[in-house]
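Structure, as structure tokens:
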Amino acid sequence: MALTRLEKVQVWLLKAAAGVLFALFRLLSPRSGAPSGRRKLPPVGSPLLLMSATRLAHKIRRKEVSSVQVVRAYIDRIQEVNPFLNAVTKDRFDAALQEAKQVDMLIEEETGGEEVLEDRLPLLGVPLSVKESFALQGMPFNAGLVSRKGVVATVDAPPVALLKRAGAIPMGVTNTSELCMWCESNNHLHGITNNPYDFERIPGGSSGVVSIENQFPICSGRQAEYCSSGPMCRYAEDLLPMLRIMAGPNAGMLSLNTKVDLKKLRFFTVPHDGGSPMTSPVSEELMAAQRKVVERLEADLGVAVQEVHFPEFRYAFQIRGTYMSLPDKEGKPPTPFVELMGEPGKPVRPFWELLKRMVGKSDHTMPAIGLALMQKARVTEPSAFIVQQKEKLQKNMDELLGTDGVFLYPSYPRVAPKHHHPLFRPADCAYTGILNMLGLPVTQCPLGLGREGLPLGVQVGAGKLQDHLTLEVALYLEKTFGGWRDPGAN
């Protein structure tokens, strides 16, 4: 859909203002990056680090490698790269090694055989990390909020408990954005996290039927309908077993044991959001990568991939803002963001925090302050037009996908942006946010590296509760395009 003349002017003004503000922000902000001026991670040394969790668990059960060896390899790698990335905010290496020793002893003493261990403890001895917004007993639980410094989780969040019960060994907790409300892991408690492929860029990433209990911030209003958790893995074969574990008793809602024949699915591709004046245009590089996926699907599977467009996607950013602000069934609105920012004390005053931020005295990041200011300015009644657009989009998507439809959609308009740059194009995150609002399962799939050495990717979505379809497509795309690439490799 072509932009009107007024929308073209709006786009030009937004780009110009964003460029000026970004230049000023970079000038006044402290430089981030790796120590000693290093521009690239050292390559992965241990072959254990290049195996999927599924394969590692298999080798551990068969005593081909010990859990202690695997955990030590991960400790060494984290200690090697974390000074450049600032991803792990608190480790539990000593405890992890002790748990690994117990795993190895358990395997030695097991008399029921490998099959018994696989059925009872499918991730036995495998390391994992946990976002600091999930409760991991004995570890910091603050979601990047300075006022929660010192808060320690006393229990495990249900998904974490289920993974531990399956035999996985947590290595520590990792950084998030302040209150998990932004696409860049940056806060004034732990600092900024760097992209392993380019230290000057954001790493991105975010995680249904998986419980959100014992996470912070707590959902309120109708937010629980749109917020869910899921696994983040380097290898596609780990997604299904991890999701099955994390979903716990709700796994029965999904068809994770159903065999999928990709040739019998209906495929669709949505190349962009229709040209919203609030979002950046999708880069040609990412559109070309999505076209390559279409070409391979048609050539390899003999399917016809239909290109479709939904004009309602143009309002994705407004839809997300509207629905995240709706009251619950009892009419209670969501907890104001200023209260979350002040937790466990009094609500913050966003205008005062903005003034403090200008002189470097605020404990809060600009995205958090900006959201608080936006909430102050938001009208109380939701726009009838935006609600209508969402309902229409929901109906059309549900009817299109059914139980055998899969679609491709860009994850973001461009490859990983420079640090802080998303602050000046906040609506770009609507490409992922709108699919949360629709309640559709989505798997983000890597498609190799682009001309700048940065990961390319695409979202693969399906109808409600049809996660098994997107996971099967993820396996196909990994095999076809090579999957995850070592950022330290030449």
Side-chain angles (χ1 to χ4, degrees), residues 89-90 130-164 170 173-183 185-190 205-232 246-250 320-350 353 363-365 367-372 374-376 378 382 429 432-433 436-437 439:
T89 58
K90 179 71 174 178
V130 178
K131 284 189 177 185
E132 205 183 55
S133 54
F134 288 79
L136 173 58
Q137 189 173 27
M139 298 299 287
F141 182 40
N142 48 54
L145 197 62
V146 173
S147 60
R148 282 178 63 91
K149 182 179 181 180
V151 174
V152 174
T154 57
V155 297
D156 291 322
V160 176
L162 289 165
L163 288 166
K164 289 169 68 174
V173 290
T174 57
N175 205 16
T176 69
S177 62
E178 184 178 357
L179 290 168
C180 300
M181 52 67 61
W182 193 231
C183 59
S185 293
N186 180 29
N187 56 71
H188 292 321
L189 186 57
H190 302 301
S206 183
S207 345
V209 296
V210 176
S211 170
I212 56 174
E213 183 183 349
N214 288 324
Q215 293 185 36
F216 187 83
I218 300 169
C219 290
S220 55
R222 288 180 58 180
Q223 293 169 357
E225 297 178 32
Y226 315 116
C227 297
S228 61
S229 305
M232 296 177 65
M246 295 172 68
N250 293 329
R320 186 180 186 279
T322 296
Y323 276 76
M324 289 294 282
S325 302
L326 291 179
D328 61 20
K329 294 178 181 179
E330 284 72 43
K332 186 178 180 181
T335 303
F337 196 66
V338 291
E339 291 186 16
L340 294 174
M341 290 173 68
E343 208 277 345
K346 296 179 180 179
V348 303
R349 293 177 292 169
E353 291 300 327
D363 285 336
H364 302 284
T365 56
I369 296 171
L371 178 57
M374 286 176 60
Q375 283 195 351
K376 286 286 186 182
R378 183 176 291 147
C429 63
T432 51
N436 287 101
M437 299 300 105

For residues [X] and [Y], report the shortest heavy-atom separation together with the two atoms involved.
X: Ala372; Y: Val338; value: CB-CG1, 3.8 Å
X: Leu145; Y: Phe216; value: CD2-CE2, 4.4 Å
X: Gly321; Y: Ser325; value: O-OG, 2.9 Å
X: Leu136; Y: Ala153; value: O-CB, 3.4 Å

Can you list the steps and then say if Met181 with Phe337 is a side chain to side chain contact (heavy atoms under 4.5 Å, CB included)? CA-CA 10 Å; Met181 52 67 61; Phe337 196 66; 3.4 Å; yes

Euclidean distance, [Y] [atom2] relative to [X] [atom1], rounded to 0.5 Å:
X: His364; Y: Met341; atom1: NE2; atom2: CE; answer: 4.5 Å
X: Leu326; Y: Arg222; atom1: CG; atom2: CZ; answer: 5.5 Å
X: Thr432; Y: Arg320; atom1: OG1; atom2: CZ; answer: 7.5 Å
X: Asn186; Y: Asn175; atom1: CG; atom2: CG; answer: 7.5 Å
X: His190; Y: Ser185; atom1: NE2; atom2: OG; answer: 11.0 Å
X: Asn250; Y: Ser228; atom1: CG; atom2: OG; answer: 11.5 Å

[X] vs [Y] side-chain heavy atoms within contact, under 4.5 Å:
X: Gln223; Y: Asp328; result: no
X: Val173; Y: Lys131; result: no
X: Ser229; Y: Phe134; result: yes
X: Pro367; Y: Ser177; result: no
X: Val160; Y: Met246; result: no

Side chain to side chain contact (heavy atoms under 4.5 Å, CB included) partner of Glu178, chosen from Ile369, Thr365, Val146: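 Checked Ile369, Thr365, Val146 against Glu178; only one passes side chain to side chain contact (heavy atoms under 4.5 Å, CB included): Thr365.
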
Are any side-chain N or O atoms of [X] and backbone N or O atoms of [Y], one a donor and one an acceptor, separated by less than 3.5 Å?
X: Arg148; Y: Phe141; result: yes
X: Asn187; Y: Ala143; result: no
X: Thr335; Y: Ser220; result: no
X: Glu353; Y: Val348; result: no

Step by step, work out the side chain to side chain donor-acceptor pair (under 3.5 Å) result for Thr89 and Glu132. CA-CA 8 Å; Thr89 58; Glu132 205 183 55; 3.1 Å; yes

Modelled atom types, side-chain donor and acceptor of Thr154 and Gln137, under 3.5 Å: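 Looking only at side-chain atoms, Gln137 and Thr154 do not form any donor-acceptor pair under 3.5 Å.
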
When you check the side-chain N and O atoms of Asn214 and Asp156, is any donor under 3.5 Å from an acceptor?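 No, because no side-chain N or O of Asn214 sits under 3.5 Å from a partner of the opposite role on Asp156.
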
